[in-house]
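When reading the values below, keep in mind they use all heavy atoms of this one structure, side chains included, and skip hydrogens, waters and symmetry mates.
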Protein chains: 2
Amino acid sequence: MSFTDAENTTFDAFPKPTHDHSQCVKDALAKALAICQGRGARFTELRKQVFELVCASHKPIGAYDILDTFQKRGRKTAPPTIYRALDFLLEQGLIHRIASLNAYIGCDFPQEPHRGQFVICKLCGEATELVSHTIEKCIASAAEKLDFQVQSRVIEILGICSACQ
Amino acid sequence: MSFTDAENTTFDAFPKPTHDHSQCVKDALAKALAICQGRGARFTELRKQVFELVCASHKPIGAYDILDTFQKRGRKTAPPTIYRALDFLLEQGLIHRIASLNAYIGCDFPQEPHRGQFVICKLCGEATELVSHTIEKCIASAAEKLDFQVQSRVIEILGICSACQ
DNA sequence: TTTGTTATGTTATAATATAACATTATGACT
DNA sequence: AGTCATAATGTTATATTATAACATAACAAA
């Protein structure tokens, strides 16, 4: 469920505990598969499994948490295997990296090319994604004045979510 | 030299190679000292030296680069010493941490409480600080809709600066 | 079915950061 | 000045995150 506010920011609500999460993961998987197929990119079993783990919650997850899960499942896995899968998913825009947490989260708008902007609860860890065109405009304006070519952005807002207050 | 654009963003120009950097460092030191004195916070010799190293360039600097410099100067220093000094400077708002680079940079507006927003050149490493009230407004608006209490923000724009294009 | 390419496995190590405890310096109070 | 509590720094060890380098396996195109 997405909203748009007066500042022209589109955002998801924080995921409700009641939402049908298994359906939500299924949808994300289907989208991811379709996107990769459309680009001739290989959504391999490994990449799919890593993607599933990232999407398993709406909280950013660490690479080593993913690694641990693989190992607990009896699969002998080393860090590069996980990092390479994450790199692939990042390149395809299927997940985002949260720099302030060294963690990864599924992208809510994988179809459209965009930059992730995140609101993250420090207590429960839940995160939601914004796409604010106003922020984009601000950045573009300042960049223009500075004659700066923007390549990537990191926008992360940390605090306490509604449910945790 | 600061500017304000149509989007109500205040920003420094990228530091000119011609600027009087030793004066710039002196000013920063004087400001830092005054701020700490005003708060009864101790701007010790160690903290001052770390601050000087962070301010020595307008590029974000890594904790281990600071550590190396201390060690090259013949001072036996371990990581916690540096990290604690950095933590103090962060708390006092005298420096900022650049999450996307795991590095630290002097704050250009230490007097006023604010959140750093950064534009960083991937080639030369030079960085400049923005204070965009429009971005703040955007974030506040989205946060209000989400009933989210903002505690901190990470806003980092990466790309190629004018001089490096 | 070869063959070049891409993906994954494997080992080692780099880079960043903190925990835990010991020691030293400082400032406030007598 | 001397005591004391607190804050700062020193020290050792280790946790956490990420990548380099090279080997093997899977795949896709001809």
Decide whether A:Val25 and A:Leu89 are clustered together by the hydrophobic rule: side chain heavy atoms of Ile, Leu, Val, Met, Phe, Trp, Tyr closer than 4.5 Å, transitively.
->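 Shared cluster, yes.
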When hydrophobic residues are tied together by side-chain contacts of less than 4.5 Å, even through go-betweens, does A:Val154 share a cluster with A:Leu90?
->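 Unlinked, A:Val154 and A:Leu90 end up in two clusters.
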Within 45 degrees of the axis of the six-membered ring of B:Phe88 and under 6.0 Å from its centre: does B:Arg47 put its NZ or CZ there?
->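 Relative to the ring axis of B:Phe88, which defines the angle, B:Arg47 lies inside both limits.
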Of the candidate nucleotides C:dT18, D:dT11, D:dA18, which contains the atom at the shortest distance from the side chain of A:Asn102?
->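 Of C:dT18, D:dT11, D:dA18, D:dA18 is nearest to the side chain of A:Asn102.
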Any A:Thr81 side-chain N or O less than 4.0 Å from OP1/OP2 of C:dT8 =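 Indeed not, no polar side-chain atom of A:Thr81 lies that close.
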Can you measure [X] atom [atom1] to [N] atom [atom2] for me and round it to whole angstrom units?
X: B:Gln92; N: D:dA7; atom1: CD; atom2: P; answer: 14 Å
X: B:Tyr83; N: C:dT16; atom1: OH; atom2: C1'; answer: 4 Å
X: A:Arg84; N: D:dT24; atom1: CZ; atom2: C1'; answer: 11 Å
X: A:Ile82; N: C:dA7; atom1: CD1; atom2: P; answer: 16 Å
X: B:Leu90; N: C:dA17; atom1: CG; atom2: C1'; answer: 13 Å
X: B:Asp68; N: C:dA15; atom1: CG; atom2: P; answer: 10 Å
X: B:Asp87; N: D:dA7; atom1: CG; atom2: P; answer: 16 Å
X: B:Phe70; N: D:dT11; atom1: CZ; atom2: P; answer: 14 Å

Which heavy atom in B:Thr77 sits nearest to a heavy atom in B:Leu67, and how many Å separate them?
->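 Scanning both residues completely, I find the closest heavy atoms to be O-CD1, 3.4 Å.
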Going by side-chain heavy atoms closer than 4.5 Å, which hydrophobic residues are tied to A:Leu123, directly or by a chain of links?
->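 Listed partners: A:Ile160.
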With ring centroids as reference points, do A:Tyr104 and A:His96 lie under 6.0 angstrom apart?
->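 Between A:Tyr104 and A:His96, the centre distance exceeds or equals 6.0 Å.
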Could you check which residues of residues 41-65 of chain A get a heavy atom under 4.0 Å from DNA chain D? Sort them by number, please.
->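 The answer is A:Arg42, A:Tyr64.
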